[in-house]
Amino acid sequence: MAMQGNTSPCIEEVAKDGYDSNKFDDDGHPKRKGTWITASGHILTAVIGSGVLSLAWAIAQLGWIAGPIVLMLFSLITLYTSFLLTDCYRSPDPVHGTRNHTYRNMVKNILGGTQHHYCGLAQYINLIGASIGYTITAAISMVAIQRSNCYHKNGHDAVCTMPNYPYMIMFGIIEIILSQIPDFHELSWLSALAAIMSFGYATIGIGLSIAKVAGRSHARTSLTGVTIGVDVTSSEKLWNTFTALGNIAFAYSFSSVIVEIQDTLKSGKPENQVMKVAASTSVAVTTVFYMLCGMIGYAAFGNDAPGNFLTGFGFYEPFWLIDIGNIFIVVHLVGAYQVYTQPVFLLVENWCKERWPESSFMAKEHHIKIPLVGTYRMNPFRLIWRTLYVILSAVIAILLPFFNSIVGLLGALAFWPLTVYFPTKMYMVQSKVPKFSMRWTGLKLLSVFCLLISIVAAAGSIEGIIKELKVYKPF
């Protein structure tokens, strides 16, 4: 999403009047410099995030047999449909056609009609939901730091309970400040820092799990996961399994940004071929990483695996390393929140500017000098709108602070439309796949299968939210 952008009028003019192939690409954009290595890095940054924290719990619901199979299945589906998307980056020809700079533009140009509106709706529901989910996760990690220090000081049997909502408010205040940065490209340093943090806490989690397994601590596991009648009831087993599917789907969600990543690749070799190498590399690395987190985490915790394996206190020591892991999570989510909310901010702000072009309240910027920081460009509408958005997302997070259920619901809502439906539909239209041919039938069956997975995952997550709401007291 950080790579989105439209061709400016001045660049278009240069491209028309005096096209310089050394400075501009065929669409008038400044020369792109991305390679399969940088594209792989962008994908890894997008995909390895807070979803990794729930994988041990998800494997515990599925067991040693179904767990790895489902992880591998989601990775293969994600890889295959990303290949279909890369072939649609240029249309109508995948090598010589016109570039589509964003996912939504791709849907509009290939499918036409109102399809791009549904695509935009799916994308922005995912973005808004992510801001709520990240607020919940960050607060849980902040509380975990306090609890870790409490257990270290007072013993593992001490009562170290504390509410999450003050930390959600604290996280919201930080995001209100960062949200006032007007230009998305000015946040590139924050995105890079977030990527480093995500690898850091995932690696700490794997290391702690390995240490727990090596210490021969007994953890009860099984081929089919949590045991009916011992760990859960039969209905809980069913609903938790559905929620686990949503958690794994959320962990693999990067389709919404793959088009923008491909748009950074330099010309020369066909972009679709280069992007397929990048996608293959990053999905392979991600799958290995996820297998380690999920399988080793399950081996360490067994059927009692916590929903978030760095905050569920299967680990107590070394407390300082647990604190570092949770600090990494908070820093990562501070950056990830901005990556996911800036497109929402810009959508509303651009629409309002077009709707009321003469309004100084919408467009006028006041330059305020801040010592040691520089000049801040303050716009009244931007200040009010972004502040209200952050407050609203924090309030919803306070009312629904259920990590696994929210993560599962987000994964379910985004998986089918963005990862499967639109990629398969666009590929069939652009490649003119004959109706009822073997390929057409296979793609249709894949879409229906993934739709069913999304439905049951959403149902399991909603059931989990309803169940937790019955006993939850916000304040």
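What you see below is based on every heavy atom in this structure, not just the backbone, and it leaves out hydrogens, waters and symmetry mates. Just so you know, residue 1 is the first one in the sequence shown, and it goes up from there.
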Do [X] and [Y] have side-chain N/O donor and acceptor atoms under 3.5 Å apart?
X	Y	answer
Thr102	Asn105	yes
Tyr298	Asn303	yes
Ser179	Gln338	yes
Ser148	Asp323	yes
Glu468	Ser405	yes

Applying ring-ring contact (aromatic ring centres under 6.0 Å, His included), run through Tyr290 and Tyr252 and close with a yes or a no.
CA-CA 10 Å; Tyr290 282 1; Tyr252 274 106; 5.1 Å; yes

Report the C-alpha separation of Phe289 and Phe199 in whole Å, then their side-chain angles, then the decisive distance to 0.1 Å, and conclude whether the ring-ring contact (aromatic ring centres under 6.0 Å, His included) test is met.
CA-CA 10 Å; Phe289 216 65; Phe199 276 98; 5.8 Å; yes

For His332, which of Tyr201, Tyr337, Tyr134 qualifies under side chain to side chain donor-acceptor pair (under 3.5 Å)?
Tyr201

Which is it for Arg32 and Thr264 under the side chain to side chain contact (heavy atoms under 4.5 Å, CB included) test, yes or no, and what are the steps along the way?
CA-CA 6 Å; Arg32 294 167 174 84; Thr264 66; 5.8 Å; no

So, for Phe402 and Tyr472, is the gap between ring centers shorter than 6.0 Å?
yes

Are Phe345 and Tyr389 close enough that their ring centers fall under 6.0 Å?
yes

Is there a donor-acceptor pair under 3.5 Å between the side chain of [X] and the backbone N or O of [Y]?
X	Y	answer
Ser141	Ala138	no
Asn308	Ile140	no
Thr243	Gly460	yes

Below 30° counts as parallel, above 60° as perpendicular, anything between as tilted: where do the rings of Phe242 and Trp239 land?
perpendicular

Hey, what's the ring geometry for Phe415 with Phe74, parallel, tilted or perpendicular (30° and 60° as the breaks)?
tilted

pair [X]-[Y]: side-chain heavy atoms closer than 4.5 Å:
X	Y	result
Arg99	Tyr89	yes
Ser255	Val420	no
Leu469	Leu399	no
Phe171	Val334	yes
Thr86	Glu271	no
Leu79	Ser82	yes
Ile466	Lys470	yes
Val330	Ile327	no

Could you state the interatomic distance from CG (Leu121) to OG1 (Thr114), rounded to the nearest 0.5 Å?
11.5 Å

Thr135 and Ser131: CA distance, side-chain angles, deciding distance, side chain to side chain contact (heavy atoms under 4.5 Å, CB included) verdict:
CA-CA 6 Å; Thr135 303; Ser131 64; 5.5 Å; no

Does the pair Asp231/Lys237 count as a salt bridge with the N-to-O cut at 4.0 Å?
no

Salt bridge Glu236-Lys467, side-chain N to carboxylate O under 4.0 Å:
yes

Please check if atom CG in Asp157 has more than 12 non-hydrogen atoms from other residues, nucleotides or ligands closer than 6.0 Å.
no

With a sphere of 6.0 Å drawn around CZ of Phe83, does it hold more than 12 non-hydrogen atoms of other residues, nucleotides or ligands?
yes

Report the C-alpha distance between Leu383 and Met378 in whole Å, list the side-chain angles of each, state the deciding distance to 0.1 Å, and finish with yes or no for side chain to side chain contact (heavy atoms under 4.5 Å, CB included).
CA-CA 7 Å; Leu383 176 65; Met378 194 277 287; 4.2 Å; yes

For Ser209 and Ile296, the nearest pair of non-hydrogen atoms, with its separation, is CB-CG2, 3.4 Å

Kindly determine whether Met362 and Glu349 satisfy side chain to side chain contact (heavy atoms under 4.5 Å, CB included), including the steps that lead there.
CA-CA 8 Å; Met362 297 292 177; Glu349 288 162 14; over 6 Å; no

